[in-house]
S.K.: 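Dropping a structure here in structure tokens format, bear with me for questions.
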Amino acid sequence: MKILLAEDDTRLGELIVHMIKKKAAYTVEWVTSGDEAYDLASVSGYDVLVLDWMLPERDGREVCRQLRQDGYPGAILMLTARDSLEDRIRGLDAGADDYLVKPFEIDELLARIRALGRRTFLPLENDTCRIGELVLDRNSHRIAAGMQEVQLTPREYQLLDLLLKNQGTVLAREVILDRIWGMESEVTLKTIDATVKLLRKKLALLDGEQQHIHSIRGVGYSFEI
């Protein structure tokens, strides 16, 4: 599962990330403000958003409420020290799917995450995606035009899928690095450029001189049809 944790308590955040990776081996991204949580959840697909109520910039209840107004379909678990019935109702009414009161045991948090992850929140992606004359098969990671097709490596596929999901938006190299390799990896920004170059060559084999992936000097890349 892919999890987004929004928690401004550094010690608690580090503990939660460490224990989730150790006990469940899930992918976890961690932010410390409400604005960051809202921005990331709005553009990336997460199975579960673990959202602290008391966050700087925008509190968790407001983040939850705004995401639901925007049509966010993912599971949301609210963390809070507020344990009154009225507060629980306010959190659930804002759109949370579950509510966990601090302090809590990590094993209980993991059990809540597993339970939410078993439920279907995110819409299933189509097996294929059409890009102009190109057709991307998400199961085989092959991209084709007519009778011609090429096989994408896992990283090439992840990069293309990320750009497609954010079509028309410029993605900074740092964002691409974080989403595909992770900030903790030893991969450099030059690796991103090299992967883009290889992906462009494969697209060119099928679509001639069409240039879909655009470089934004000093920033990153965007995908245009």
S.K.: Restricting to non-hydrogen atoms, name the atom on A41 and the atom on L49 that form the minimum distance, rounded to 0.1 Å.
M.R.: CB-CD2, 4.4 Å
S.K.: Going by distance alone, is a donor N or O of one side chain under 3.5 Å from an acceptor N or O of the other, for D137 and Y157?
M.R.: no
S.K.: In the structure I gave you, are the side-chain heavy atoms of V31 and L55 within less than 4.5 Å of one another anywhere?
M.R.: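 The answer is no; the side chains never approach within 4.5 Å.
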S.K.: Do D9 and D52 have side chains that approach each other closer than 4.5 Å (heavy atoms only, starting at C-beta)?
M.R.: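 D9 vs D52: side chains apart.
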S.K.: Within this structure, what is the CD1-OH distance for the pair I192 and Y221, rounded to the nearest 0.5 Å?
M.R.: 8.0 Å
S.K.: Work out which heavy atom in V63 is nearest to a heavy atom in G34; give both atom names and the distance.
M.R.: CG2-O, 3.4 Å
S.K.: Could you tell me whether the side chain of H212 reaches within less than 4.5 Å of the side chain of L163, counting heavy atoms only?
M.R.: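 Contact flag for L163/H212 side chains = no.
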S.K.: Measure the spacing between CD1 of I143 and CG of L206 and express it to the nearest 0.5 Å.
M.R.: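 Rounded to the nearest 0.5 Å, the CD1-CG separation comes to 6.5 Å.
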S.K.: Got a second to check how far T169's OG1 is from E224's CD, nearest 0.5 Å?
M.R.: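 The CD atom of E224 is 8.5 Å from OG1 of T169, to the nearest 0.5 Å.
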S.K.: Are N166 and F223 close enough that some pair of their side-chain heavy atoms sits under 4.5 Å apart?
M.R.: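 No; the side chains remain at least 4.5 Å from each other.
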S.K.: Using only heavy-atom distances, determine whether the side chains of Y38 and D70 contain a donor-acceptor pair under 3.5 Å.
M.R.: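 The answer is yes; a qualifying pair exists.
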S.K.: Could you state whether I216 and V175 fall into the same hydrophobic cluster, counting links through intermediate Ile, Leu, Val, Met, Phe, Trp or Tyr residues with side-chain heavy atoms under 4.5 angstrom apart?
M.R.: no
S.K.: Show me, pair by pair, the donor-acceptor contacts under 3.5 angstrom made by side chains of residues 194-202, not counting sequence neighbours?
M.R.:
{"residue": "T195", "atom": "OG1", "partner": "T191", "partner atom": "O", "Å": "2.8"}
{"residue": "R200", "atom": "NE", "partner": "Q211", "partner atom": "OE1", "Å": "3.4"}
{"residue": "R200", "atom": "NE", "partner": "I213", "partner atom": "O", "Å": "3.1"}
{"residue": "R200", "atom": "NH2", "partner": "I213", "partner atom": "O", "Å": "2.7"}
{"residue": "R200", "atom": "NH2", "partner": "S215", "partner atom": "OG", "Å": "2.8"}
{"residue": "K202", "atom": "NZ", "partner": "Q151", "partner atom": "O", "Å": "2.8"}
{"residue": "K202", "atom": "NZ", "partner": "E156", "partner atom": "OE1", "Å": "2.7"}

S.K.: Heavy atoms, side chains only, cut-off 4.5 Å: are L110 and M19 in contact?
M.R.: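 No - every pair of side-chain heavy atoms lies 4.5 Å or more apart.
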S.K.: Kindly check if the number of other-residue, nucleotide or ligand heavy atoms within 6.0 Å of CD (E108) is above 12?
M.R.: yes
S.K.: I need the minimum non-hydrogen distance between H141 and P154, along with the two atoms involved.
M.R.: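 Heavy atoms only, the tightest pair is ND1-CA, 4.5 Å.
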S.K.: Can a donor-acceptor pair be found, under 3.5 Å and without considering hydrogens, that links the side chain of W30 to the backbone of E7?
M.R.: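 Pair found, side chain donor or acceptor close to backbone of E7.
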S.K.: Test of understanding: with side-chain hydrogen bond (donor to acceptor under 3.5 Å, both in side chains), list the residues that count as partners of E62, not counting sequence neighbours.
M.R.: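 Result, side-chain hydrogen bond (donor to acceptor under 3.5 Å, both in side chains) vs E62: R65.
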S.K.: Do L5 and I20 come close enough that some side-chain heavy atom pair is under 4.5 Å?
M.R.: no
S.K.: Would you kindly confirm whether V219 and I176 end up in one hydrophobic cluster when ILVMFWY residues are joined by side chain heavy atoms under 4.5 Å apart?
M.R.: no
S.K.: Spell out, as yes or no, whether a donor-acceptor pair under 3.5 Å connects the side chain of R68 to the backbone of G95.
M.R.: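 Judged by distance alone, yes, a pair lies under 3.5 Å.
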S.K.: Do the side chains of I16 and I106 get nearer than 4.5 Å, heavy atoms only?
M.R.: yes
S.K.: Supply the atom-to-atom distance M54 CE to T80 OG1, rounded to the nearest 0.5 angstrom.
M.R.: 8.0 Å
S.K.: What heavy-atom pair brings K21 and Y26 nearest, and what distance separates the two atoms?
M.R.: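 Looking at all heavy atoms of both residues, the shortest contact is CG-O, 4.0 Å.
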S.K.: CG/L4 to OG1/T27 distance, rounded to the nearest 0.5 angstrom?
M.R.: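 Here the rounded value is 12.0 Å.
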S.K.: Take V28 and V50 through the side-chain contact (heavy atoms from CB on, under 4.5 Å) test and state the conclusion after the steps.
M.R.: CA-CA 10 Å; V28 188; V50 181; over 6 Å; no
S.K.: Identify whether L136 and L162 are in the same connected component of the hydrophobic contact network (ILVMFWY, side-chain heavy atoms under 4.5 Å).
M.R.: yes
S.K.: Is it the case that one hydrophobic cluster holds both L116 and F104, taking links as side-chain heavy atoms less than 4.5 Å apart, direct or via other members?
M.R.: yes
S.K.: Can you name the nearest heavy-atom pair linking L67 to S42, along with the distance?
M.R.: CD2-OG, 3.8 Å
S.K.: Is there a donor-acceptor contact under 3.5 Å from the side chain of R173 to the main chain of D193?
M.R.: no
S.K.: Got more than 12 heavy atoms from elsewhere within 6.0 Å of CD, E133?
M.R.: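 Not buried by this count: 12 neighbours or fewer within 6.0 Å.
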S.K.: Is a side-chain N or O of D47 found less than 3.5 angstrom from the main chain of K2, in a donor-acceptor match?
M.R.: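 Confirmed, D47 side chain pairs with K2 backbone.
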S.K.: Taking the side chain as every heavy atom from C-beta outward, state whether S33 and D8 have any atom pair closer than 4.5 Å.
M.R.: no
S.K.: With the 4.5 Å side-chain cut-off for hydrophobic clustering, are L177 and L164 part of the same group?
M.R.: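 L177 clusters together with L164.
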S.K.: Just how far is it from atom CG of L189 to atom CD of E174, taken to the nearest 0.5 Å?
M.R.: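 It is 5.5 Å, given to the nearest 0.5 Å.
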S.K.: Do any N or O atoms from the side chain of R112 and from the backbone of Y99 form a donor-acceptor pair under 3.5 angstrom?
M.R.: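 Yes.
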